[in-house]
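Only this structure's heavy atoms are used, side chains among them; waters, hydrogens and symmetry mates stay out. Chain letters run A, B, ... following the sequence lines, proteins first and then strands; every chain starts at 1. In this text, all values refer to a predicted model and were calculated from it rather than measured experimentally.
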Number of protein chains: 2
Amino acid sequence: MLRESRKKELKEHIFLQALQLFYDKGYEQVTVQEITAKCGIGKGTFFNYFAKKEDILLYLGESQIELLQQSIEKHRNIGHPKEQIMHALNDLLLHFSSHSELMKLATIEIMKSASLAGKESKSVQQLHLQLASMLDRAKQDGKLHSRWETDVIVTTIVGVYFHTILSWALLEAQHTTISESFRKQLDVVWEGIDPYIGGGDK
Amino acid sequence: MLRESRKKELKEHIFLQALQLFYDKGYEQVTVQEITAKCGIGKGTFFNYFAKKEDILLYLGESQIELLQQSIEKHRNIGHPKEQIMHALNDLLLHFSSHSELMKLATIEIMKSASLAGKESKSVQQLHLQLASMLDRAKQDGKLHSRWETDVIVTTIVGVYFHTILSWALLEAQHTTISESFRKQLDVVWEGIDPYIGGGDK
DNA sequence: GTCATAAAATGACCGTGGTCATATTGAGGA
DNA sequence: TCCTCAATATGACCACGGTCATTTTATGAC
C-alpha cells in the first residue's frame with residue numbers, strides 16, 4: 001500500500017490549512033478550491049479525505065472530544081468526580097474563548113452527526129462510555145452517592161455541557177466566561193445528582 | 001401595500017407544500033425548484049420569502065416553539081412548576097415520534113441560529129423569558145423554593161430539553177419514548193433545582 | 001529493470017442553491 | 001381611464017459543492 005502514514009499526514013495537512021483559512025476568512029467564505037490550491041493538490045483530492053466540506057468541522061469537533069477524553073483520563077484520580085469533570089472540561093472550554101465562531105460550528109456539526117447518525121457516531125458515544133465508567137468507579141469507591149442510573153447522569157451532564165456552549169453567545173455580553181457559565185450549570189444539576197457533596201443532609 | 005395578508009398566506013403556503021415534500025422524500029432530496037413548481041410560482045419567488053432553503057426548517061422550529069409557548073401559557077396555573085413544564089413539553093415531544101427526522105433537523109437549525117445569531121434570535125430567547133417569568137411567579141407564590149438564580153435554572157432546563165431531543169436517537173432502539181427520556185432527565189435536575197418537591201428535607 | 005495491479009490524484013463536468021437585472025402587477029392619484 | 005411608483009415575481013445566470021471516468025503513481029513479484 002501507498003505509504004499509509006503519508007495518507008494520514010496529508011489529511012492532517014489539508015485539515016490544518018483549511019483551519020487556517022477558516023480563521024482568517026470565516027468558514028462560509030472559504031471555498032474547497034482555495035483549500036486545495038493552498039495545499040498544492042487538485043480539487044478532487046480533497047474529497048478523498050473529507051466526504052463533505054462540513055466534515056472538516058466534524059473532524060475538528062472530534063479531535064476536541066479526543067482531547068477531552070485524554071483530559072478526563074489524566075484527572076481520573078483527583079478529588080470528587082464533579083471536580084474531575086470540571087477540570088477536564090475547563091481545558092477544552094478555553095479554546096472557545098479564542099475561536100468561538102469555529103468552535104460553535106464544530107459543536108453543531110458534532111450534534112448533527114450524533115443525532116442523525118445515531119449509533120454510527122463514534123466520538124460522542126465514546127465520551128458517554130468513558131464518563132459512565134468514570135462515574136461507576138466513583139460509585140464503587142464511595143465517592144459518589146446517587147440514586148440515579150449512571151446513564152441518566154451522563155446524559156444530563158453532556159446535555160448541560162453542549163447547551164452551555166451554544167447558549168453562551170447570549171451571555172457573552174456580560175462579564176461571564178464560558179467556564180463560569182458551565183460551572184454554574186453544573187452546580188445546579190450536581191445538587192440533583194449527588195446532594196451529599198453539596199452539604200445537604202438527605 | 002399589496003394585500004399584506006396575501007404575503008403571509010403565500011409564505012405559509014410555500015412552507016406547507018415544502019413540508020409535505022420533505023415528509024415524502026426527505027429534506028436533502030427536495031430541490032427548491034420542486035417546491036416552487038408545486039406552488040405554481042417561479043424559483044426566484046421562493047427566496048423572497050425564505051432567504052435560504054434551510055430557513056424552512058428554522059421556520060418549522062420557530063413555529064414549534066410558539067406552540068410550546070402557548071402550551072406553557074395554558075398550563076400556567078396547574079400544579080407545581082415542574083409538572084407545568086412537563087405537561088407543556090409533552091405536547092410538543094409527541095411530534096417527534098412521528099416526524100423525528102425533520103424535527104431533529106429543525107431543532108438543529110434552531111440551535112444554530114440561537115448560537116450564531118446570538119441576541120438576534122428571537123424565539124429561543126422569548127422562550128427563556130417566558131419560562132423565567134413563570135418560575136419567578138412560582139417563587140413568589142411559594143410553589144418553588146430554590147437557591148439558584150432563575151436564569152440559571154431556565155438555561156439548565158432548556159439545555160436538558162434540547163439534548164434529550166438530539167440524543168434520543170441513541171436510545172430509540174430501547175423501548176423508551178422521548179417523553180420518558182425527558183422525564184428522567186428532568187427528575188434529576190429538578191432534584192437540584194428544588195429538593196423540596198422531591199421529598200428531601202434540606 | 002519491467003510488468004501488473006491497486007491506491008490515490010485529478011479536473012472536466014453536473015446539479016443545485018442563491019443572485020440579480022428586468023418584467024409584472026396592483027394601488028392610489030389625477 | 002390612464003399614469004406613476006413601489007412591491008413583488010421571475011428565470012437566466014453564476015459559483016460552489018460534490019461526482020466520476022480517466023490518469024498517475026507507488027508497490028511488490030519476478
| Within this structure, what is the CD-to-P distance between A:Q33 and D:dC16, rounded to whole angstrom? | 8 Å

| request: Rounded to the nearest angstrom, tell me the gap between atom CD in A:E28 and atom P in C:dG17. | output: 15 Å

| message | Classify B:K53 by what it touches in the nucleic acid, base, sugar-phosphate, or nothing, heavy-atom distance under 4.0 Å. | response | sugar-phosphate

| Per A:F47 side chain, nearest of listed nucleotides D:dT19, C:dG17, D:dA9 | D:dT19

| said: Under 4.0 Å, heavy atoms only, any strand: does A:Y49 hit a base, just the sugar-phosphate, or nothing? | reply: sugar-phosphate

| query | In whole angstroms, how far is the P atom of C:dG18 from the CZ atom of B:F46? | reply | 8 Å

| request: Provide, to the nearest angstrom, the distance between the CG atom belonging to B:L10 and the P atom belonging to D:dT8. | output: 11 Å

| query | If you look at every heavy atom in A:P195 and A:G192, which pair is closest and at what distance? | reply | CD-O, 4.3 Å

| If you look at every strand shown and take non-hydrogen atoms under 4.0 Å, does A:T31 touch a base, only sugar-phosphate, or nothing? | sugar-phosphate

| Does the side chain of A:Y27 reach to within under 4.5 Å of the side chain of A:K53, using non-hydrogen atoms? | yes

| message | Tell me whether the NZ or CZ atom of A:K104 lies within the 45° cone about the ring axis of A:F96 and under 6.0 Å from its centre. | response | no

| field | Interatomic distance where NZ belongs to A:K8 and P belongs to C:dA8 [whole Å] | value | 13 Å

| So what does B:G44 touch, heavy atoms closer than 4.0 Å: a base, only the sugar-phosphate, or nothing? | base

| With distance as the sole criterion, do the side chain of A:K43 and the base of D:dG18 form a donor-acceptor contact below 3.5 Å? | yes

| message | I need the CG-P distance between B:N48 and C:dG18, as an integer number of Å. | response | 14 Å

| request: Look at the rings of B:Y59 and B:F50 and say which category their plane angle falls in: under 30° parallel, 30 to 60° tilted, over 60° perpendicular. | output: perpendicular

| task | Give the rounded distance in Å between these two atoms: CD1 of A:I35 and P of D:dG18. | result | 11 Å

| request: Using distance alone, with no hydrogens and no angle criterion, decide if A:Q130 and A:E73 have a side-chain donor and acceptor under 3.5 Å apart. | output: yes

| query | Roughly how many Å is it from CD in A:E54 to P in C:dG17, rounded to a whole number? | reply | 14 Å

